[in-house]
Amino acid sequence: MTLKARTRFAPSPTGELHIGGVRTAIFSWLLAKHTGGEFYLRIEDTDQERYVPGSTRRILESFDWLGITLDGGPDHDELRTMKTDEDYPGALDDGEYRGVPGPFVQSHRLPIYRQWAEWLVAHGYAYRATETPEELARMRAEAQSRKQTFIFREEMRLRTDVRPDEPHVIRMRVQPRDGRTEFDDLIKGHMVFENAQIDDQVLLKMDGFPTYHLAVVVDDHLQGVTHVLRGDDWLPSAPKHVLLYRYFGWEEPKWAHVPNVLGTDGKKLSKRHGAQSVFEFRDQGYIPEALINFLALLGWAPGGGDEQSVFTREELIAKFSMEGVGSSPAVFDYNKLDWLNGVHIRRLADADLAGRLIPFLAQAGIAVDTPERRALLLRIIPHIKERTKKLTDAAPLVDFFFGDIQTPPAEMLIGPKMEQHLSLYALRETRRLVEAVEPFEDAPLEQAMRKLGDDLQLKPTQLFTVVRNAVTGKTVTPPLFATMAILGRETCLARLDRAIARLQSGG
RNA sequence: GCCCCCAUCGUCUAGCGGUCCAGGACGCGGCCCUUUCAAGGCUGAAACACGGGUUCGAGUCCCGUUGGGGGCACCA
């Protein structure tokens with residue numbers, strides 16, 4: 001039995017939850033759940049400038065929609081006391097869940113970072129500096145003009161007599177200076193970095209906030225994180241974190257730098273490259289089951305000869321392992337997502353699908369707002385399920401059930417390779433049949449219609465096309481006889497009458 | 001400029017030295033089923049970036065080249 005993993009997802013509240021980030025979150029969550037451990041959320045709001053009000057709430061809502069439950073994260077109280085009120089109904093009231101200690105919002109942990117930064121100074125692992133961003137930019141530019149890489153070291157300080165009570169930053173002291181820092185990454189393998197390449201990173205900013213580098217290390221340690229999963233764009237700064245763990249004398253977590261998700265253009269997924277928030281996927285009619293399945297497969301495969309590609313959440317949790325995570329970046333493929341979405345839609349129970357469809361139908365102007373209409377939708381579901389790839393596909397398939405139709409133009413009422421009078425005759429005969437069929441159900445209708453087709457010496461396609469178009473006003477519909485049965489005798493008769501009238505006059 | 005990562009069909013991938021003239025899935029073509037559209041079944045085309053090694057033997061190990069990506073902030 002593997003040890004229980006505790007993982008976290010630690011976004012900064014700077015906007016919507018992005019699918020690239022979601023995938024990392026999914027891997028983290030799967031790893032935690034696979035081992036029976038915990039997965040929690042931490043909000044990294046240490047950059048006051050980039051803070052976007054409402055994004056924490058949106059992040060919470062995203063996980064809610066995805067069905068990824070958190071074992072820890074900001075509670076109502078904490079959310080309310082953020083820079084802006086970020087309270088979310090789905091958040092829990094407990095101050096601590098499953099033993100993961102909070103607070104979970106970094107701006108609520110400031111004294112902790114200060115304390116550990118001072119600890120580093122006191123123990124010789126960090127020092128105070130006063131260079132302003134402007135001065136640093138100048139130094140950087142100068143180094144560049146001499147074609148040198150700018151790596152900040154304490155002897156470059158403009159002033160060395162920094163007193164603790166004046167404004168300053170705390171920088172880590174990278175040492176040994178000529179050594180190298182090595183660590184093992186679950187995905188990338190053994191990593192070696194020259195310390196000479198690592199700069200004396202600012203750990204505590206002038207405004208009293210920590211930088212990511214300090215905060216992530218302190219929090220991950222204090223909150224018992226066992227596996228650090230994050231995008232591999234963090235790889236170059238990982239040695240700084242490794243060094244900090246060693247300075248503090250803390251046990252290192254397992255590192256896992258997950259390859260990025262690329263856009264179709266081969267570039268890192270970002271706002272400008274077609275990357276989308278989970279809400280956009282939700283609004284486009286994708287269901288969370290499919291999105292999770294798809295994202296999990298982007299970079300992970302069961303391996304060992306297992307060629308399964310459709311997974312439920314539970315199956316993913318059961319089969320996920322870090323060994324299955326690949327080391328190369330993956331391109332987001334909408335074709336496959338669409339297919340998977342269809343697969344998972346087909347797996348939904350009718351009532352479940354109906355419930356998910358209702359908001360999309362409403363969006364399209366189809367109100368399913370009464371028990372009768374709901375029952376109607378439920379009757380239709382079995383016939384549209386396998387025709388629905390995205391929830392947005394349903395509306396055009398069902399609208400003629402819920403409202404009246406435009407009487408189709410005459411040319412639409414003439415069947416393939418048929419004359420007008422023949423089509424008209426077929427329609428009239430169908431009308432008589434519809435009036436008479438008993439019971440007015442799928443099978444009897446089919447039987448009668450097929451016989452009619454034979455009698456008229458029409459191919460099924462010919463007769464059925466004419467009738468379909470007349471009764472639905474569409475050329476693409478669910479299967480005809482079920483459609484007619486659900487529409488009901490009266491509606492079918494009325495529409496046939498109108499079609500007959502149209503064809504009579506339209507000729 | 002410096003540092004780092006990556007490299008099997010168009011895409012996601014299996015492959016952890018021989019069982020691979022490279023398997024699966026999406027997509028694409030064809031056929032079947034068929035009242036439209038789907039769904040489903042069968043089937044076809046489609047890949048080990050290149051060059052050196054190591055080895056009896058390399059898609060699999062090593063080095064280099066090329067190509068892609070990422071990082072070099074008091075942003076995460």
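- Contact check, S327(A) against A7(B): a side-chain N or O comes under 4.0 Å of OP1 or OP2.
- Using a 4.0 Å heavy-atom cutoff across all strands shown, P11(A) reaches no nucleic acid atom at all.
- A donor-acceptor pair shorter than 3.5 Å can be found between the side chains of Y113(A) and D219(A).
- At the heavy-atom level, P416(A) lies nowhere under 4.0 Å from the strands shown.
- The stretch residues 464-472 of chain A comes close to RNA chain B through F464(A), R468(A), each having a heavy atom under 4.0 Å from the strand.
- Using N1 to N3 plus N6-O4 or O6-N4 for Watson-Crick, or N1-O2 and O6-N3 for G-U wobble, each under 3.5 Å, G51(B) pairs with C63(B).
- Taking for each of S237(A) and Q197(A) the nucleotide of RNA chain B with the nearest heavy atom, the 5'-most of the two is the partner of Q197(A).
- Atom CD of E49(A) sits in a sparse spot, with 12 or fewer heavy atoms from other residues, nucleotides or ligands closer than 6.0 Å.
- Residues R450(A) and E446(A) are paired through a salt bridge, judged by an N-O separation under 4.0 Å between the basic side chain and the carboxylate.
- Taking atom C1' in both A49(B) and C9(B), one finds a spacing of 14 Å when rounded to whole Å.
- Phosphate contact (OP1/OP2 of C74(B), side-chain N/O of R140(A), threshold under 4.0 Å): present.
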Next on the checklist: The test is salt bridge (charged side-chain N to carboxylate O under 4.0 Å, His left out); show your working for K389(A) and D338(A) and say whether it passes.
Outcome noted: CA-CA 6 Å; K389(A) 260 199 167 77; D338(A) 286 355; over 6 Å; no
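- Nucleic acid contact class of T46(A) (heavy atoms, under 4.0 Å, all strands): sugar-phosphate only.
- Contacts of V169(A) with the nucleic acid, taken as non-hydrogen atoms under 4.0 Å apart, include base atoms.
- Inter-residue side-chain proximity for L480(A) and M484(A) is flagged as met; some heavy-atom pair is nearer than 4.5 Å.
- For C28(B) and U65(B), the C1' atoms lie 34 Å apart once the distance is rounded to whole Å.
- Side chain K336(A) to base C12(B): a donor-acceptor pair is found below 3.5 Å.
- Among the protein residues, G304(A) comes within range of the sugar-phosphate backbone only, with heavy atoms under 4.0 Å from sugar or phosphate atoms but none that close to a base.
- At a threshold of 4.0 angstrom between heavy atoms, the contacts of P302(A) with the nucleic acid are absent.
- Taking 4.0 angstrom as the limit, K205(A) places a side-chain polar atom (N or O) nearer than this to OP1 or OP2 of A76(B).
- Using a 3.5 Å distance cut-off with no hydrogens or angles, the side chains of E307(A) and S309(A) do not pair a donor with an acceptor.
- Within the nucleic acid shown, S12(A) comes within 4.0 Å of sugar-phosphate atoms alone, with no base atom in reach, counting heavy atoms only.
- Of the possible polar contacts, one joining the R109(A) side chain to the P103(A) backbone as a donor-acceptor pair under 3.5 Å is found.
- Only T149(A), listed by number, bring a heavy atom of residues 145-156 of chain A to less than 4.0 angstrom from any atom of RNA chain B.
- The aromatic rings of W119(A) and W116(A) are tilted relative to each other, their planes meeting at an angle between 30° and 60°.
- Atom P of C12(B) sits at a distance of 16 Å from the matching atom of C48(B), rounded to the whole Å.
- Backbone-only contact: G299(A) has heavy atoms under 4.0 Å from sugar-phosphate atoms and none from a base.
- Among the heavy atoms of the strands, none lies under 4.0 Å from M449(A).
- Note on P133(A): a base of the nucleic acid sits closer than 4.0 angstrom, heavy atoms only.
- Between A76(B) and G71(B), the distance separating the two C1' atoms is 13 Å to the nearest Å.
- At the heavy-atom level, S328(A) lies under 4.0 Å from the strands shown only through sugar-phosphate atoms.
- In summary, the side chains of Q276(A) and H18(A) do not present any donor paired with an acceptor at a separation below 3.5 Å, with no hydrogens or angles considered.
- Rounded to whole Å, the separation between the C1' atoms of U43(B) and G51(B) comes to 39 Å.
- Between R450(A) and N335(A), it is N335(A) whose nearest contact on RNA chain B lies nearer the 5' terminus.
- Ring centroids of Y286(A) and F360(A) are separated by 6.0 Å or more, keeping the two rings apart.
- Counting non-hydrogen atoms under 4.0 angstrom, K389(A) reaches the backbone sugars and phosphates but no base.
- Under 4.0 angstrom from either OP1 or OP2 of U36(B) there lies no side-chain N or O belonging to R387(A).
- Contact annotation for L480(A): base contact, defined as any heavy-atom pair under 4.0 Å involving a base atom.
- With hydrogens and angles left out, the side-chain atoms of Q148(A) and R146(A) include a donor and acceptor closer than 3.5 Å.
- The residue E194(A) sits apart from the nucleic acid: no heavy atom pair falls under 4.0 Å.
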